[in-house]
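A quick write-up on the structure given underneath.
In listed order, ligands and their atoms are each counted from 1. Keep in mind that what you see is a predicted model, and the values were worked out from it rather than measured.
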Amino acid sequence: MKPLIILDTTLRDGEQMPGVSLNISEKLEIARQLESLGVDYIEAGFPASSPGDFQAVKAVAGAIKGCGVAALCRCVRSDVDKAWEALKGAVKPRLHLVIASSPIHMEYKLKMEPDEVIERTVDCVCYAKTLCDDIQFSCEDATRSDWEFLTRLCAAAIDAGATTINIPDTVGYSMSEEYARLMVYIQENTPNFGDVVLSCHCHNDLGLAVANSLAAIDAGARQVECTINGLGERAGNAALEEIVMGIKTRSDYFGGVTTNIVTQRIARTSRLVSTMTGVEVQKNKAIVGENAFAHEAGIHQHGMLANRQTYEIISPDEIGLTQSALVLGKHSGRHAFAERLAELGYSISEEELEDAFRRFKELADRKKNISDRELEKLIGHELADVPEAFQLESFQVHTGNKINSLASVTLVKDGREDTEAAMGDGPISAVYNAVARVVGGDWPLVDYSIKAVTGGDDALGEVTVHVAIGSKIFTGKGLSSDIIEASLRAYINAINRALAES
Ligand code: KIV
Ligand code: ZN
């Protein structure tokens with residue numbers, strides 16, 4: 001057996017994706033799900049980057065007991081101190097130090113000579129080792145670095161105490177075969193490599209992140225860094241679900257490589273991350289896309305009916321795509337509701353259950369049957385709680401194709417109702433203008449999307465918006481069987497998030 005360590009960096013590299021900004025309770029929710037998914041390490045953030053990141057790493061470190069928690073820091077002593085301060089409560093803490101190693105990064109970003117980079121690495125890794133035993137060292141932009149220099153840098157980091165060496169393809173530049181050769185080169189030419197864990201970390205700029213990660217594993221990498229749904233800056237990081245299912249489905253090829261991932265929890269993890277981040281999973285995405293197990297062509301359907309394996313290399317239930325025949329509705333009681341949530345894998349507090357049940361009842365009054373998928377969404381929205389400075393009380397809109405829309409919206413703040421009316425080009429802009437009047441100030445909308453959670457004419461609509469405040473973008477999410485209400489909830493949610501941070 002060759003156990004492969006999975007380091008999930010959804011909460012660090014994934015969260016660097018433009019427009020994604022998770023609050024602490026959302027990060028904790030995702031962290032708990034990753035723990036139950038069976039990842040070996042959760043990279044929870046970069047504590048020196050902001051007070052919010054510091055607090056989030058601290059919260060995750062304190063809450064997660066079933067796997068390691070890592071925090072990123074640059075090779076700067078004060079970064080290491082911040083990271084350790086946030087991380088030290090973890091059951092299995094890991095300090096992850098990074099410094100750039102490519103000529104372009106060293107000259108233009110670090111403004112350091114190669115030998116200074118080595119000196120700084122040694123100093124910071126030695127210092128980090130006095131705080132934590134488990135040290136990961138990354139050479140940023142490794143794939144555009146000089147290979148001989150990389151081995152000198154890695155050797156120095158190992159001598160200083162690094163126990164994992166990560167070789168990131170930071171800009172997604174490498175070809176698979178080339179990346180595999182680099183992995184072999186590092187192992188063979190770093191004199192003191194010994195039983196240090198070699199790790200791969202791939203970005204998807206050329207669409208090769210998963211292919212390159214798999215090539216690296218084949219070439220001896222014992223750790224892979226990845227994110228749920230391939231979230232990440234630019235084109236994203238390697239997707240955890242694709243790597244894990246690649247290894248599992250082609251165990252014949254990967255001979256003996258195993259992971260601790262409970263693959264039956266993949267679908268749920270993907271949906272939770274999508275709900276929390278507001279980043280939709282592309283329909284035809286491998287493994288977790290809506291169409292990943294859909295068969296349209298008649299010839300395929302014919303084959304599938306005779307034997308599913310004609311066109312299906314993975315069974316949907318291997319990733320947890322089972323559809324329960326049980327649907328909840330208006331007459332379902334609190335007990336049935338709680339039981340269904342537990343079956344779906346949620347263990348939530350009494351208070352959260354109370355709120356979620358109230359939302360469920362409101363929904364069931366308008367919508368006959370509520371499916372598991374809708375229940376998951378409802379819970380996802382409940383758990384992504386933000387202090388609600390403003391709450392939606394009621395709204396009215398008068399709209400048509402030959403008139404400007406007119407809306408009136410009532411919000412509640414500190415128990416007091418406030419109503420404003422406004423016009424707009426359409427019903428959404430009218431209600432948004434009315435909200436902005438109640439709240440006061442400018443809340444520019446930069447992005448709006450709406451999606452039906454399930455099919456059917458009484459489908460639940462989920463709206464995701466991004467609101468820009470200065471250079472910061474806040475995500476808002478809203479759910480309702482009424483699309484204007486879902487839109488309003490999303491906008492108010494984004495405003496509440498911005499207010500909570502100010
Ligand atoms: O892509 C990268 O180089 C990184 C490092 C911090 C590991 O994310
Ligand atoms: Zn990265």
Any Lys/Arg nitrogen of R271 or D372 sitting under 4.0 Å from an Asp/Glu carboxylate oxygen of the other?
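Answer for the salt bridge query: no.
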For ligand 1, which atoms sit closer than 4.0 Å to a heavy atom of [X]?
X    : value
R12  : 4 (C), 5 (C), 6 (C), 7 (C), 8 (O)
H203 : 1 (O)
N166 : 7 (C)
E140 : 3 (O)

Does the N284 side chain pair with the main chain of N291, one donor and one acceptor, at a distance under 3.5 Å?
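Side chain of N284 to backbone of N291, a donor-acceptor pair under 3.5 Å: no, none is there.
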NZ of K377: more than 12 outside heavy atoms within 6.0 angstrom?
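Yes - once you tally the heavy atoms of other residues, nucleotides and ligands closer than 6.0 Å, there are more than 12.
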Sort and list the pairs that fulfil salt bridge (charged side-chain N to carboxylate O under 4.0 Å, His left out) and have at least one residue in residues 195-219, not counting sequence neighbours.
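Residue pairs with at least one partner in residues 195-219: D205-R234.
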Which of the protein's N, O or S atoms come within less than 2.8 Å of the Zn ion (ligand 2), not counting waters?
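Metal shell, protein only: D13 OD2, H201 NE2, H203 NE2.
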Heavy-atom side-chain proximity of [X] to [Y] below 4.5 angstrom:
X    : Y    : answer
I228 : D8   : yes
H96  : F137 : no
V279 : L231 : yes

Does the structure place the NZ or CZ of R77 under 6.0 Å from the centre of the six-membered ring of Y127, at an angle of no more than 45° from the ring's axis?
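R77 over Y127 ring: yes.
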Would you please name every residue forming a side chain to side chain contact (heavy atoms under 4.5 Å, CB included) with A221, sequence neighbours left out?
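Listed in chain order: M183, C200, A216.
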All side chain to side chain contact (heavy atoms under 4.5 Å, CB included) counterparts of A239, not counting sequence neighbours:
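A239: side chain to side chain contact (heavy atoms under 4.5 Å, CB included) contacts with V210, E241, E242, K285.
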Tell me whether [X] has any N or O atom under 3.5 angstrom from an N or O of ligand 1.
X    : result
H201 : yes
E225 : no
D13  : yes

Who's the nearest protein heavy-atom neighbour of atom 3 (O) of ligand 1, and how far?
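Here the closest protein heavy atom is T170 OG1, 2.6 Å.
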